[in-house]
Structure formats: structure tokens, C-alpha cells
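What follows is a single structure, written as C-alpha cells, with notes after it.
When a residue number appears, it is its place in the shown sequence, counting from 1. Since this is a predicted model, take the numbers as computed values, not measurements.
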Amino acid sequence: MQYTAPHYYKDFHCTGGDCPDTCCAGWQIQIDPATLKKYKRVKGFLGNRLKNEINWKESCFRQYSGRCAFLNDENLCDLYLEGGGEKAFCRTCRTYPRHIEEFEGLREISLSLSCPAAAELILNCREPVRFLLAENPDKVETYDEFDFLLFTKLMDTRNLIFRVLQDRSHPIELRVAIILSLSHDLQERIDRNALYDVDNLLERYTSEKVWSWFENRLGQLNRADLRYEKRRNTVRRLFSLFDHLEVLREDWKSYLDNARNILENAPFPAEETERRFHKLFSDTVTEQLLIYFVFTYFCGAVYNGNAYGKIKFSVAGMLLIRELTCADWLASGGMETAVTEEDASNTDESAHISRIIKTSCRYSREVEHSDYNKTTMEHLLGNENIFGLEDFFSLL
């Protein structure tokens, strides 16, 4: 068995009671069958408490005011304190915020953006992400219907996507345009069962000519008279995705409505807003968000054949986090600060990174922690009439 993880993975440490948004509140914590059996055998005071504080029918911990029954007033876990540490945890509590994608002979491990401490590691990382490899030769497995050929082509494509996204000699909008188009062209080959042609596709996208071609294409779109209106409509359509998703936190809908209202009624010309905001929501932050989403989800296309959808989901996630952060920035008087590049890189950087981290966590909790939301969002993004390449390009 092989294992892959980003280089910052081992730097993660839970902040416990100091966490600004504890993982023990705001969602239902499921208990795996093996741990449920273990909890039934616990005796004494802790055993009685487990008996009373577990919903045995739903296999989850009970909640009070949205907080796990074992979360005490100091935001610490009584089960951990009274049960002998991490060994008392169920699989969910023991694993989070680690996220594992399973493939034949491979486990890819990442940190979830919904955890503030993990998000801080991801978004404060200034160097290009490296991926560490490990192997356990004693663990072997096979999947009956695993499409290894498709998986190999997805891995090769993802490696190129990483190279493009991390090529900091080019602006981020150019890098994003290329990976969107690459995934679109890959999908066309998957759909007509032409995986034999993927190597030729990757070779073409490795050419230096790709950069100048997309630079010219984006330049033509930027000069178009209707660019601003197209951008505005695409942002509205992206936000409309939320209307089809289940709500996990009570305050989420009011938060979205407020953000929509702020963006729709921004008192400054969009171009000026974008110029100033871009100095704070930097190319590096955008790159790290995209690397996170692509690493976590892209190769999952081996199970549904939708590589283009995985990239759309990744780019849409980055764009929505960016727009939500922009709304928060505007609400806090953002247009009155960070006027110069020096301001953006010094006086306001720490506060703004904190804002991006908070927004990213919030988005991730609502979208990534619901299989229904992820599946629905990927499906809706498949509508090329409103979420086509040029619609995405208008937001770059």
C-alpha cells in the first residue's frame, strides 16, 4: 500500500479548547460500529454517561444546543479526559481533520479545510506544496472493478495540473484557465473512450505555446464590452448553487444572503474593487486553495468518470470562497484600506489571511461535509450553458 500526503500534513496539531470553531459542535458526529460495540462494554460512571448521551438508533452522539454532549464548557472533550485519551474516540473523532481518499493500492491523506488549524497551515503556506510518499509493503488490496487505466491517466493529468498551478512565472488567472481547458479536453476523451489519446493531449499542454495562446484568449475576453455583466451574472449563478444544497448550520442562509446583498450593492466600480481586493486575495492563496481541492477530489473521477466536473468543483470552490471573503472585506470597510501594494503586503495581510481562513472553514463545513452537497454541486456545474469555459474565464 502506498500513501501520499502534502508536506505540511505532519505539522498539524489540534488547538483543543483554543479552537475558534470547535469540530465538536455544529454537526452530527457519527460513531462507527466497532466503537459502538466498545462503548456498550464501558462500565462505571463513564459507561452510564455513554449510555445516556448516545443516540443508539442513529449511531451518533447526542447534541445540546448544537454541541456534542461530551463537549464541556472549556471546549474540551470529557470522553477524551475521562476515557484515557485518544483511544476513547470513535473513528470520526480520531481521524478528523484528516481526510482519506481510497484507491486500489493507494491512500491519499489530506487535512480538511473546515478545521481552522488545518486551514491555517494550508493558506499560510508560501512555498509550493510538495507531496510526500510512503509505502507499507505488507498491506495489499485489490478492487474488483477498479479502472486502473483511467486512474493512471487521471494521475498523469493531475501531475500536469499541479505543475501548471505552481508555475509562478505566470499569473494565476492564466494557470486556472489552462487547467480548466485541460480537464475539458480530457473529459472529451473519457466520454468517447479514447484514453489512448491522453498522452498526446498532455504533451500538447506541456508546450510553451499553451501559455501565449491562453494569454491572448483571456486578453480578448477582457477587452469585451460585456465582460463586467458576464462576470456579474456568473457570480450570481455560482451563488445560486447554494439554493440547491442542504443547510448544515442555522446561520448559513442569513450569512449567504448578507454576502449576496453586499456584492450586489458594492458602492465602487467593480474594476476598482477587484484591483484592490486582488492585492490581498493573492495568487499564492488562490494557488494553495486550488492545490487543496484538486489533490482531494480530482482522482475521485475514477469512480464516476467526471474529471471536468472535479476541476469545475475545485475552481468553483475557490471562486466562492474568494467572493465570500470579498463581501466580508467590503463590509469591514475594505475599500478604505490596502490602497497601495505596501499596505496589502504588510499592514493588512495578517488580518486578511485570518478572514480568508475563517471564510474557507465556513464554506468547507457547509459544502465538503455533505456528500449530497458535493454531488449536487458537481452535477449542477455540469450545465455548460451557464457554467461553460468562458463563464469561468470571466471570473479570472
Side-chain angles (χ1 to χ4, degrees), residues 113-114 119 122-123 171-173 175-177 180 221-222 227-245 247 249 251-290 292-293 311-335 337-338 344 348 351-368 373-374 377-378 380-381 386-388 390-396:
L113 195 63
S114 60
I122 294 166
L123 296 172
I172 193 65
E173 58 267 22
R175 294 179 251 166
V176 179
L180 278 164
L221 292 174
N222 286 335
R227 175 184 178 272
Y228 172 65
E229 190 60 29
K230 188 175 184 65
R231 183 195 186 285
R232 192 181 186 91
N233 288 334
T234 304
V235 169
R236 286 176 182 148
R237 289 165 180 165
L238 279 178
F239 268 86
S240 72
L241 293 172
F242 291 124
D243 299 333
H244 301 272
L245 308 184
V247 175
R249 283 194 169 186
D251 64 344
W252 177 243
K253 189 176 185 303
S254 60
Y255 169 76
L256 285 178
D257 290 343
N258 185 56
R260 280 169 162 159
N261 184 59
I262 291 170
L263 293 172
E264 286 282 347
N265 297 286
F268 293 89
E271 293 80 2
E272 180 67 7
T273 303
E274 291 176 9
R275 184 184 69 82
R276 297 191 182 191
F277 181 70
H278 184 75
K279 293 181 183 297
L280 295 169
F281 202 99
S282 65
D283 284 8
T284 302
V285 167
T286 303
E287 173 191 316
Q288 302 298 26
L289 277 172
L290 286 169
Y292 162 80
F293 281 119
I311 291 298
K312 279 186 170 182
F313 177 84
S314 300
V315 175
M318 178 276 293
L319 292 170
L320 285 166
I321 289 171
R322 188 187 72 183
E323 295 301 313
L324 289 169
T325 305
C326 185
D328 186 32
W329 173 70
L330 289 169
S332 64
M335 283 298 291
T337 62
D348 201 39
H352 198 69
I353 285 293
S354 296
R355 183 178 290 120
I356 298 172
I357 290 171
K358 183 178 180 180
T359 304
S360 299
C361 291
R362 197 163 193 170
Y363 173 89
S364 178
R365 278 199 170 213
E366 285 293 327
V367 175
E368 291 190 89
N373 285 350
K374 288 184 290 186
M377 189 168 168
E378 184 177 318
L380 293 172
L381 286 168
I386 58 176
F387 294 117
E390 291 196 357
D391 298 292
F392 276 101
F393 288 173
S394 72
L395 299 180
L396 303 180

_Minimum-distance pair of heavy atoms, taken over all atoms of Tyr363 and Gly317_ = OH-CA, 3.3 Å
*Test side chain to side chain donor-acceptor pair (under 3.5 Å) applied to Thr359 and Arg322, step by step*: CA-CA 9 Å; Thr359 304; Arg322 188 187 72 183; over 6 Å; no
*Over all atoms of both residues, closest heavy-atom pair of Met318 and Leu290*: CB-CD2, 3.9 Å
*Charged N to carboxylate O below 4.0 Å: is that the case for Arg260 and Asp243?*
yes
*Euclidean distance, Leu238 CG relative to Asn233 CG, rounded to 0.5 Å*: 11.5 Å
*List in chain and number order the residues that pass side chain to side chain contact (heavy atoms under 4.5 Å, CB included) with Cys326, two or more places apart in sequence or in another chain; answer none if no residue qualifies.*
Leu263, Thr273, Phe277, Trp329, Leu330
*Taking it one step at a time, do Phe242 and Leu320 satisfy side chain to side chain contact (heavy atoms under 4.5 Å, CB included)?*
CA-CA 10 Å; Phe242 291 124; Leu320 285 166; 3.8 Å; yes
*Would you mind checking if Arg236 and Glu264 are paired as a salt bridge, meaning a charged N to carboxylate O distance below 4.0 Å?*
yes
*Short question: side chain of Ser364, backbone of Ser114 - any donor-acceptor pair under 3.5 Å?*
yes
*asked:* Test side chain to side chain contact (heavy atoms under 4.5 Å, CB included) on Glu173 and Phe393; report intermediate values, then the result.
replied: CA-CA 8 Å; Glu173 58 267 22; Phe393 288 173; over 6 Å; no
*Residue pair Leu324 / Ala259: nearest heavy atoms and the distance that separates them*: CD2-CB, 3.7 Å
*Minimum heavy-atom separation for Phe392 to Ala316, with atom names?*
CE2-N, 4.2 Å
*Option passing side chain to side chain contact (heavy atoms under 4.5 Å, CB included) with Leu113 (candidates Ile122, Val367, Ile357)*: Ile122
*Pair Asn373, His244: side-chain N/O donor-acceptor within cut-off below 3.5 Å*: no
*Quick one: does NZ or CZ of Arg237 land under 6.0 Å from the six-membered ring centre of Phe387, within 45 degrees of the ring axis?*
no
*Going from OG on Ser314 to CG on Leu319, what distance comes out if it is rounded to the nearest 0.5 angstrom?*
11.0 Å
*Do the side chain of Thr325 and the main chain of Ile321 share a donor and acceptor less than 3.5 angstrom apart?*
yes
*Going from CD1 on Ile353 to OG on Ser282, what distance comes out if it is rounded to the nearest 0.5 angstrom?*
6.0 Å
*Ignoring hydrogens and angles, state whether a donor on the side chain of Asp257 or Asn261 is under 3.5 Å from an acceptor on the partner side chain.*
no
*Report the C-alpha separation of Leu280 and Ile356 in whole Å, then their side-chain angles, then the decisive distance to 0.1 Å, and conclude whether the side chain to side chain contact (heavy atoms under 4.5 Å, CB included) test is met.*
CA-CA 10 Å; Leu280 295 169; Ile356 298 172; over 6 Å; no
*More than 12 foreign heavy atoms under 6.0 Å from NZ of Lys374: is that the case here?*
yes
*Please report the C-alpha distance between Arg249 and Arg362 in whole Å, then the side-chain angles of each, then the deciding distance to 0.1 Å, and finally whether the side chain to side chain contact (heavy atoms under 4.5 Å, CB included) criterion is met.*
CA-CA 10 Å; Arg249 283 194 169 186; Arg362 197 163 193 170; 5.9 Å; no
*asked:* Can you list everything that forms a side chain to side chain contact (heavy atoms under 4.5 Å, CB included) with Glu287? Sequence neighbours excluded, please.
replied: Pro128, Gln166, Arg168, Ile172, Arg175, Ile291
*Note, Lys312 side chain near Glu378 side chain (heavy atom, < 4.5 Å)*: no
*Between Asp391 and Arg231, is the closest basic N to carboxylate O distance under 4.0 Å?*
no
_Among residues at least two apart in sequence or on other chains, which ones pass ring-ring contact (aromatic ring centres under 6.0 Å, His included) with Phe313?_
Tyr297
